J.: 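Structure below; questions to follow.
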Number of protein chains: 2
Amino acid sequence: MPVGRRPGSYVCGIDAAMDVIGGKWKVLILWALDAYPSSRFGELRRLVPGVTEKVLTSHLRELEQDGIVHREVYEEVPPRVEYSLTPLGTSLNAALVPLGVWGREHVLEG
Amino acid sequence: MPVGRRPGSYVCGIDAAMDVIGGKWKVLILWALDAYPSSRFGELRRLVPGVTEKVLTSHLRELEQDGIVHREVYEEVPPRVEYSLTPLGTSLNAALVPLGVWGREHVLEG
DNA sequence: GTGGGTGGTTACCTCAAGGTGAGTGAGCAG
DNA sequence: CTGCTCACTCACCTTGAGGTAACCACCCAC
């Protein structure tokens, strides 16, 4: 179960990490799941304004394959699916904090 | 002189930072300029295997516009152009270190 | 029956990032 | 003379990520 979409072709760690978070909305999904753990699909759609259902689905599937998010299906009617960060996802988010601080200080306030 | 390609439309700091480093080869360029300061164009082309001249040029231009790299032209024959990280670029690279460590530990060695 | 909410799937389309290959013009090696 | 280096520029083309919209089964409230 390799992490990343092009295993074995990474030049360095940043290159590899960029591949995992490279989707247009992935860091926003991670940010949302960090702020609101165990979110349902519809909640995420509202938490990440602008993302379409198709793209949200595919991003979540990729993050799940990479071991970043956990997908829990409850066999109920109506169906319920909850997404949460795995420990790996939590560690990824922690590694993203300095980048977020940099962006806030130098891009948003720049 | 705004930093980033879509000023004013960022949701959060990570979103903004991702825009600055969003090019396919930008983090590799930053990594190369950190390891080999004041590199010439041809050196960068060799340090970032696979990048084409056109894309390397445009990525360097964008990084220059964002205040990440400095471009120094020496009016000589043959022409000489040296690229280096600005203080802002150095701080960006510092903010990328944890992400690089994460990628090395969890993707490359995963 | 109509509409809404649940969590998706499917087919189709767009568009911009990136790749390809040629050209530039001065100088230098062979 | 040929070809290479330097640091690009230009015109063209490809590709795939992402966007659009329809559709699915199921249930509830109105």
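Sequence lines set the chain letters: A, B, ... in the order given, protein chains first and strands last, and positions in each chain run from 1. Because the structure is predicted, anything quoted here is derived from the model rather than measured. Keep in mind that the numbers below use all heavy atoms, side chains included, and drop hydrogens, waters and symmetry copies.
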J.: How close or far is atom C1' of D/dT20 from atom NZ of A/K24, stated in whole angstroms?
T.: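 About 13 Å, once rounded to whole Å.
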J.: Indicate yes or no: at least one non-hydrogen side-chain atom of A/L88 is less than 4.5 angstrom from one of B/H106.
T.: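 In short, these two side chains touch, coming nearer than 4.5 Å.
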J.: Expressed as a whole number of angstroms, how long is the span from A/R5:CZ to D/dT15:P?
T.: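 For the pair A/R5 CZ and D/dT15 P, the rounded distance is 21 Å.
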J.: With respect to the side chain of B/V81, which nucleotide from C/dG18, D/dA7, D/dG19 is positioned closest?
T.: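 Selected nucleotide (nearest to the side chain): D/dA7.
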J.: Nearest-Å distance, CD (B/E82) to C1' (D/dC6)?
T.: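 Computing the B/E82:CD to D/dC6:C1' distance gives 13 Å.
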J.: Strictly below 4.0 Å: does B/R61 bring a side-chain N or O up to OP1 or OP2 of D/dT9?
T.: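 B/R61 to D/dT9 OP1/OP2: side-chain N or O found under 4.0 Å.
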J.: With nearest nucleotide decided by heavy atoms, which residue, B/G50 or A/T57, maps closer to the 5′ end of DNA chain C?
T.: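 It is A/T57 whose nearest nucleotide is closer to the 5' end.
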J.: Quick one: which of D/dC6, C/dG7, C/dT6 gets closest to the side chain of B/P79?
T.: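 Taking heavy atoms from C-beta onward, the closest nucleotide is D/dC6.
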J.: C/dG7 P sits how many Å from A/E53 CD, rounded?
T.: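 Checked: the CD to P distance equals 10 Å.
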J.: Is a donor-acceptor pair below 3.5 Å formed from side chain A/K54 to base C/dG8, judging by atom type as modelled?
T.: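 Result: no qualifying N/O pair found.
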J.: I want to check one thing: is the phosphate of D/dT5, taken as OP1 and OP2, less than 4.0 Å away from some side-chain N or O of B/R46?
T.: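 B/R46 to D/dT5 OP1/OP2: no side-chain N or O under 4.0 Å.
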J.: Verify side-chain hydrogen bond (donor to acceptor under 3.5 Å, both in side chains) between B/S58 and B/R61, making sure each step is shown before the conclusion.
T.: CA-CA 5 Å; B/S58 68; B/R61 290 285 190 281; over 6 Å; no
J.: Please tell me which of A/G22 and B/G42 maps to the more 5' nucleotide of DNA chain D, matching each residue to the nucleotide holding its nearest heavy atom.
T.: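 This one resolves to B/G42.
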J.: Look at the side-chain N and O atoms of B/H59 and state whether any lies under 4.0 Å from the OP1 or OP2 oxygen of C/dG18.
T.: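 Answer yes for this pair, as a side-chain N or O of B/H59 is under 4.0 Å from OP1 or OP2.
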J.: Just the rounded figure in Å: distance from C1' of C/dT6 to OH of A/Y83.
T.: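 The distance from OH of A/Y83 to C1' of C/dT6 comes to 12 Å, rounded to the nearest Å.
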J.: Starting from C1' on D/dA7, measure out to OH on B/Y74 and report it in whole angstrom.
T.: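 After rounding, the gap between these two atoms is 15 Å.
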J.: Check whether B/W31 and B/L92 end up in the same hydrophobic cluster, where Ile, Leu, Val, Met, Phe, Trp and Tyr are linked by side-chain heavy atoms less than 4.5 Å apart.
T.: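 Each belongs to a different hydrophobic cluster.
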J.: Quick one: label B/R6 by what it contacts on the DNA or RNA (base, sugar-phosphate, nothing), any heavy atom closer than 4.0 Å.
T.: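 Contact class for B/R6: none.
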J.: From the list C/dT6, C/dA26, C/dG19, which nucleotide is the closest neighbour of the side chain of B/V77?
T.: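 Of the options given, the side chain of B/V77 lies nearest C/dA26.
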J.: Can you tell me how far P of D/dC8 sits from CD of B/E76, to the nearest Å?
T.: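 From B/E76 CD to D/dC8 P: 13 Å.
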J.: Taking salt bridge (Lys or Arg N to Asp or Glu O under 4.0 Å) as the criterion, tell me which of B/R6, B/K26, B/R5 meets it with B/D66.
T.: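 So, applying the salt bridge (Lys or Arg N to Asp or Glu O under 4.0 Å) to B/D66 and each of B/R6, B/K26, B/R5, only B/R5 qualifies.
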J.: Should B/R40 be listed as having a side-chain N or O under 4.0 Å from OP1 or OP2 of D/dC6?
T.: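 No, because none of the side-chain N or O atoms of B/R40 sits under 4.0 Å from OP1 or OP2 of D/dC6.
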J.: Side chain of A/T86, backbone of A/H70: donor and acceptor closer than 3.5 Å?
T.: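 Answer holds: no.
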J.: What is the separation between atom CD on B/E75 and atom P on C/dG27, rounded to the nearest whole Å?
T.: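 Spelled out: CD on B/E75 to P on C/dG27 is 14 Å.
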J.: Among D/dA7, C/dT6, D/dG19, which is the nearest nucleotide to the side chain of A/W25?
T.: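 So the nucleotide nearest the side chain must be D/dG19.
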